[in-house]
Structure formats: structure tokens, C-alpha cells
Trainee: 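Here you go, one structure.
Throughout, numbering of the chain's residues begins at 1 and tracks the sequence. No hydrogens, no waters, no symmetry mates; every other heavy atom, side chains included, goes into these values. Please read all numbers here as calculations on a predicted model, not as lab measurements.
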Amino acid sequence: MHYFREHKWIQFAALLAVFYALVMAIDPATGGNLWRLQETPFWLLPDLINDGLRFVIDDFWVVDVYDAELDLTEESTLMKEFTRTLSGAVLFSINLIRELLLGGVKTVVAFTSWDFISANEWARIPALPWPAVAAGAFLTGHYLGGRNLALLAGASTIYIALFGQWTPAMQTLSFVLVTVPLSLFLGLALGTIAYKNKTFEAILAPLLNVAQSMPHFSYLIPVVVFFGIGDHAGAISTVIFATPPMIRLTILGLKKVSPEVLEAGMMSGCNARQLMFKVLIPSARHDILIGVNQVIMQCLAMAVIASFIGARGLGYELLVALNSLQIGRALELGVSIVLIAVVLDRLSLAWAHKQTDYLADRPFHVRHRHSLCFLGILIGTSVAAYLASMVFPDKANYLYFIHESQGLSTESFWDRIVDWLVTHTYDSVQSFNFFMTTSVLMPMKAAFLAMPVAATLFLVAGTGYIVGGLRSALIVTAFIAFIALTPWWDRALITAYMTSFAVIIAVTIGCSVGILCSRSPRATKVILLVCDTLQTFPSFVYLIPVIMLFGVSDLSVLIAVIVYATIPATRYTVEGLSNVPQTLQEAGSMSGVNLLQRLLKIELPLAFPHIMLGINQTVIFSLFMIIIGAFIGTDDLGQLIMQSLSQANGMGQGIVLGLCVAFIGLAVDHLIHTWAEKRKEALGIN
């Protein structure tokens, strides 16, 4: 018995044996609630959520609102007035930035009228010449990161302009330039409040866990009901999605400030406000700026998803291209999205790592040479563009932007490649597709669907108890029991089957590649650079090549998921093995072990907690990508979430479905974190 208690693998084996016995014993025809929980009042939860939110929108706190244009007073609710005001402010901001980049009249109309615009042709905001934007990107890159970053930023901007993607790219950029500051402000404010108030932090922590585990599409559903569709709705859903990482990194950065720094600030006479803004936040600058990087990436990723509710830009164009199976055009748009993502990622990281020389005493024109250079280029290109419009009023002005029909294009090239690949690989691809579907995926799917509720809850509770004791067992069982109480248990099992398959393959590939690359410092740098680059790609981009080769199927989604989810498994494995102390490796070698023994007995056990965190991220990445994969056809929870977007009363259903996905991720996250912490404690790792 003592041996049984000391060895967890024996406990797991016994648990699996009992689970298998329960699966075989519970008959689907006669199992009743042991097989699937029958309809309960809990099934009414989506309707209750719908009714509650509808009451808040339509009936709660009715106020009289005066309409100056119609000269009448009408009844409205406080929520409608709030959402209307917020939507107007966000949309005005997006349009203002968009018109500064592309030219327009909407924001002028907001202060005047369309009659005024018609009567005064000069009352228009001129577009910003694209060479000026390219020069600004080049100079910003040079200021933050030197020559290489300048070339990357400048060349990417020129590529987007020359390939006729300037208009949708600037629409996307205007979207990001509004959502990022809003997310940063909210994240910094809530993070500082949570740092100062432990009760608020305790309340906020589980909400952040749920928010970061919810699939992207779940944010869209309530936003559509409250705010409608359009750029403003997409921006609001993006802010909700992108704020949690900023909150977490703000709290983390403030907590890492050493007590000595705080004491020095207080001894110098700082009050609470000065201590926060003059000492704590500057000291936590690095972590906060890493949060800025994460917010930018989240906003750009969500900008593509937000196209489902009318947000304009590259994401919308990509969605249209994928819907019509224009693979060549989709690839061009995907390249533009990737370039923007990579440039913004590198610029924000360079900003986070840039050191300011406070002691340098340089003249004004040297300190601000980049800004002065940009100002000169801006004035010169603006004058040139205006003169070109005056001299050639009937001709297209290529200094403002190059229309897609007049720009360079590789669409036909990619289409020919796609046609060639489909023609020459069709038989082999279809054979592989048929084999994987019939011999691997369908049996695995059937096995998951054969899992009774009672047996699954027993397995989850037992796993939680073995890993973390009674508390962990109660937490993870509560998460999965919530799903069991809904009508979508079978859909959740399909999601679990797809996630399990993707995680197994991604972890196998990622850990293997990570172990091999960790053997060489040069290979370590290369693979980390590859992981950094791939992680900046918006998840939607991964769907393009799999649709091109495999069409619409579960295998297509799973291949995209595996590619996307392999990144964290590889990265954390490399970093975990690279952080093993060199002294321990040398001690192992001196004791006579060979390289394989050193890897298996010393390096992997010490890196195990770090690798487990990578596996945790792999699970989360897989869940997100599987839900997005519903766009190209799956029958899991993601498909139902997407259907909820188009249903009149789909808000409650979408929220509950999003919670189901989140709880799967949170259950796995809790188990892995608990296991990793216990391993750290056993190994004496801080």
C-alpha cells in the first residue's frame, strides 16, 4: 500500500483501469444519467442570460432623451445611451485616424454637415502619402533597433503599398491604433488598482483566467447585441480581449519592484501618487512594455476575427477571399497581415528593451534628428502629392496610394502553384486524408464519444486528486461538470478529441525539435527566432495553406492546429533545457554519464516544470485554433459558437459555449500548473 501511495504512475494506471471498466459497464441505451445527463433546468441558462441582458438593454433604467435634430423627446434606457455614446466615440476615433491615413470627410461631417461638405470642396482631410508613412516606419525602426529593424519596417511598408494593399492595411492599422491605447489604459489602470488592493486582485484573478481562456468568437456575440456591427463593435470586442494580458503583466511588473526601491521612494518624501507614477511604474517599465507588445499582437490577431462583425481592413478582405476560395489573393493578404504583425512585434519589443541615456547632453537637432527628418519628408511628399493632384486632376495619384488593380500582384502565380499542387498531389493527398480520417481520426472520435458522463467525471476527479489532492479534484470536476450539465456534452467531447490529437502530435514534434536544437547554441538561437516569427502570425493565416492542400475537413483543421500549437512546445522545451545550470551538466559528465544519460537523468527532470508550462500553452493554443477552425468546417463547440453569431437569440448560447471551451482549458491549466509546482518543490527549484 505504501508503494501504491508513493508511485503516482501506479495510481494513474489503477484510475485508468477503473475508468475503462465504467465505460464498458455503462450502456448508452440504459445508462440514463450515468451515460448522459438528461434535460435539467440548467439547460435554460442560455435563455436566462438572454432574458437578463435583454432586460438590461431594453427595460432597465428608462430615461427621457431629447433629439435636437427631430426636436422631440423619446424614451430610451441608460444602457442604450451608454453603448450609443461609447460606439460613437470609438467610431469617430477610428474614422479620424483612418482619414488621416487615407483621406476623407466623415469626421469633418461630424462637426459640420454633408451640405457644408458639398458646398466646400476644400473641406476634406487629405491622405497621408504612403512614402511618408514608409519613411516614418524606417526612421522609427532605426531609432528603436538600428539598421536591420529599419530595413524590415521600411521594406514591409513599401511592399504593402506596391502590392495594392495600402487601403485595407491602413484600415487595419487605424483599428489597431485605437484599440491598443484603450487596452493599455484599461490594463494599466486595473493592474495598478489590483496591485494596491489585494481584495480587488483576488476578485480579478479568476475573471482574467476565464477571459484569457474564452475563444475569440465568444467576445463577438455579446458585443453585437449591445453595440451592433461595424468597426466600433470590432474595436470594443478587441479591447475586451486584449486587456487581460496587460493587467497581468502590470501586476507582475509592479510586484517585482524591490522593497529597497520602494523604501528609497518613501524616504525621499514621495506621496502615494508620486510613489506610483515616479517610482513603481518606471521601475516596472520592462514588464509593462512587454505587456504593450502582447496587447499589440492580441489586437492585431483580433482585428482579423473582428471582420466577422463588420470591422474593415485586411481581415475582412481575407475573409472574403477565403469564402470565395481565392487562395492566391488570400495568400497576398496573409503576407500583408504577417508583415504588419512582425513589424509591430519587433518595434514594440525594441521599445521594451531600449535603454534611455539620461546623462547624455546632446543638442536639440541631434536628440530629435529622426523626428526632424520625418517632418521634412512628410512636408516634401505632401507638397509633391498635392501638386500632382493639381497638375493631373484626372489621373490616379500614386503618391497617395496605389489601387489594388494597378499594383503588383502575385495572385496568378500563387493560383498556378495551387493548381499544380492540386493536380500533381491530389491522389497522394487524398490517400493520406482518407487513411488518417478512417484509420485514426474517426476511431479516436468514436472512442471519445463513447465516454459516459459518470466515467469521465470519475477520471477527471481522480486525476485532480492524484495531481493536487482534494482541492484540485473539486476544482477540475466542477469545470467539467458544468459542461456535462449543458446540452453540448457530445460537442465538447469532439472538441476534446481534436485537442487531444493535436496536443499529442504538437508536443511530440515540439519537444523533439526542442531537445535537438538545445544541443547547439546556434540552433537554439535559430529555433527561438523561428518560434518568435511564427508566433506573431495571426492564427487565421495558418488556415490558408491547409485549405489549399487538404480542402475542408477535420484533418485540415488539425494540421493547422498542430503547426500553430507546436510553437510553445518547442520554445519552452528549448528554454527549459537551456536554463539547466551548466555546473550540474558538468557534474553529470564528470560522474561518467554519457550524453543520453545526462539528458534523461539530469537535464529533462530539471527542465520538466518549464516543459510542462509549454505543454499547457500548447493546449490553450490548440483550443483557440480549433474554435477558429470551425470557419472551414468542424462539428465541435466552435461551430455552435459561430452559429450563435447569426442567431437573433444566440447571445446566451454563445456565452455558455464560450465558458465550456474556457473550462476545458482552465481544467487542463490547473492540473498542469499544480503538477509543475509540485515538481519544482520536489526538485528544489524556485
Trainee: List in chain and number order the residues that pass salt bridge (Lys or Arg N to Asp or Glu O under 4.0 Å) with Arg519, two or more places apart in sequence or in another chain; answer none if no residue qualifies.
Mentor: Glu603
Trainee: So how far is it from Thr463 OG1 to Phe12 CZ, rounded to the nearest 0.5 Å?
Mentor: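 Going from the OG1 atom of Thr463 to the CZ atom of Phe12 covers 5.5 Å.
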Trainee: Hydrogens and angles aside, do Asn209 and Ser213 bring a side-chain donor and acceptor to less than 3.5 Å of each other?
Mentor: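 The criterion, which ignores hydrogens and geometry beyond distance, is not satisfied for Ser213 and Asn209.
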Trainee: Just wondering, do Gln643 and Leu640 contact through their side chains at under 4.5 Å, heavy atoms?
Mentor: yes
Trainee: Any ion pair linking Arg54 and Asp47 (charged N to carboxylate O, less than 4.0 Å)?
Mentor: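 Arg54 and Asp47: not salt-bridged.
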Trainee: So do the side chains of Ile494 and Asp635 get within less than 4.5 Å of each other, counting heavy atoms only?
Mentor: yes
Trainee: Suppose we screen for side-chain contact (heavy atoms from CB on, under 4.5 Å). Which residues come up paired with Arg571, at least two apart in sequence or across chains?
Mentor: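 With neighbours one apart ignored, the set is Leu528, Cys531, Asp532, Gln535, Glu575.
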Trainee: Treating Thr192 as the side-chain partner and Ala189 as the backbone partner, does any N or O pair qualify as donor plus acceptor under 3.5 Å?
Mentor: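 Judged by distance alone, yes, a pair lies under 3.5 Å.
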Trainee: Is there any salt bridge (Lys or Arg N to Asp or Glu O under 4.0 Å) pair reaching into residues 492-515, and which pairs are they, with sequence neighbours excluded?
Mentor: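 Qualifying pairs: none.
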Trainee: Can you tell me how far the OG1 atom of Thr495 sits from the CG atom of Leu637, to the nearest 0.5 Å?
Mentor: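 It comes to 3.5 Å.
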Trainee: On a heavy-atom basis, which atom in Ile26 and which in Ala455 lie closest, and how many Å separate them?
Mentor: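 Scanning both residues completely, I find the closest heavy atoms to be CD1-N, 4.5 Å.
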Trainee: Considering all heavy atoms of both residues, which atom of Gly468 and which atom of Ser472 are nearest to each other, and what is their separation?
Mentor: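 Closest approach of Gly468 to Ser472, heavy atoms only: CA-OG, 3.4 Å.
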Trainee: I would like to know whether Lys678 and His673 meet side chain to side chain contact (heavy atoms under 4.5 Å, CB included); could you show each step before the answer?
Mentor: CA-CA 9 Å; Lys678 286 187 175 294; His673 267 287; over 6 Å; no
Trainee: Rounded to the nearest 0.5 Å, how far does CG of Leu188 lie from CG of Leu190?
Mentor: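 Interatomic distance, Leu190 CG to Leu188 CG, rounded to 0.5 Å: 9.5 Å.
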Trainee: Can you pull out every salt bridge (Lys or Arg N to Asp or Glu O under 4.0 Å) where at least one residue sits in residues 480-506? Sequence neighbours excluded, please.
Mentor: Arg36-Asp490
Trainee: Kindly indicate whether the side chain of Glu201, heavy atoms from C-beta on, has any atom under 4.5 Å from the side chain of Lys198.
Mentor: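 A side-chain contact exists here, since the closest heavy-atom pair is under 4.5 Å.
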Trainee: When rounded to the nearest 0.5 angstrom, what distance separates CZ in Phe432 from OG1 in Thr437?
Mentor: 9.0 Å
Trainee: From the options Thr618, Val574, Ile611, select the one residue that forms a side chain to side chain contact (heavy atoms under 4.5 Å, CB included) with Cys511.
Mentor: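 When side chain to side chain contact (heavy atoms under 4.5 Å, CB included) is applied between Cys511 and each of Thr618, Val574, Ile611, only Ile611 qualifies.
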Trainee: With a distance cut-off below 6.0 Å to the six-membered ring centre and an angular limit of 45° from the axis, does Lys196 pair with Phe200 as a cation-pi contact?
Mentor: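 Negative - Lys196 is either too far from the ring of Phe200 or too far off its axis.
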Trainee: For residues Val18 and Leu459, determine if any side-chain heavy atom of one lies less than 4.5 Å from a side-chain heavy atom of the other.
Mentor: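 Answer no - side chains too far apart.
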Trainee: Apply side chain to side chain contact (heavy atoms under 4.5 Å, CB included) to Val557 and Ile628, showing your working.
Mentor: CA-CA 9 Å; Val557 175; Ile628 292 172; over 6 Å; no
Trainee: Compare every heavy atom of Tyr542 with every heavy atom of Ile567, then report the nearest pair and how far apart it is.
Mentor: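 In this case the closest contact between Ile567 and Tyr542 is CD1-OH, 3.5 Å.
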Trainee: Just how far is it from atom CD1 of Ile626 to atom CZ of Phe621, taken to the nearest 0.5 Å?
Mentor: 13.5 Å
Trainee: Working note: Ile309 + Ser237, criterion side chain to side chain contact (heavy atoms under 4.5 Å, CB included); need CA distance, chi angles, decisive distance, verdict.
Mentor: CA-CA 10 Å; Ile309 57 173; Ser237 62; 4.2 Å; yes
Trainee: Side-chain contact test, heavy atoms from C-beta onward, threshold under 4.5 Å: evaluate it for Ile290 versus Met246 and give yes or no.
Mentor: no
Trainee: According to the interplanar angle, ranging from 0 to 90°, do the rings of Phe608 and Trp675 count as parallel (below 30°), tilted (30 to 60°) or perpendicular (above 60°)?
Mentor: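 Plane angle over 60°, so perpendicular.
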Trainee: Without swapping roles, check the side chain of Thr524 against the backbone of Cys517 for a donor-acceptor pair under 3.5 Å.
Mentor: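 Here the side-chain-to-backbone pair exists.
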Trainee: I'd like to know whether Leu53 forms a side chain to side chain contact (heavy atoms under 4.5 Å, CB included) with Ile655, so could you lay out the CA-CA distance, the side-chain angles of the two residues, the decisive distance to 0.1 Å, and finally the verdict.
Mentor: CA-CA 12 Å; Leu53 294 177; Ile655 292 173; 4.1 Å; yes
Trainee: Might you point out which heavy atoms bring Ser439 and Pro443 nearest each other, and give the distance in Å?
Mentor: O-CG, 3.5 Å
Trainee: Where is the tightest heavy-atom contact between Pro215 and Ile627, given as atom of each residue plus distance?
Mentor: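 Nearest pair, atom of Pro215 first, then Ile627: CB-CG2, 3.6 Å.
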Trainee: Taking only residues two or more places apart in sequence, or in another chain, which ones meet Lys256 in a salt bridge (Lys or Arg N to Asp or Glu O under 4.0 Å)?
Mentor: Asp287
Trainee: Between Ser518 (side chain) and Ile515 (backbone), is there a donor-acceptor pair under 3.5 Å?
Mentor: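 Yes; judged by distance alone, with no hydrogens or angles, the pair exists.
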Trainee: Pair up each side-chain donor or acceptor in residues 475-489 with any protein partner under 3.5 Å, not counting sequence neighbours, and list the distances.
Mentor:
residue	atom	partner	partner atom	Å
Thr477	OG1	Ala473	O	2.5
Thr486	OG1	Ile483	O	2.6
Thr486	OG1	Trp488	N	3.4

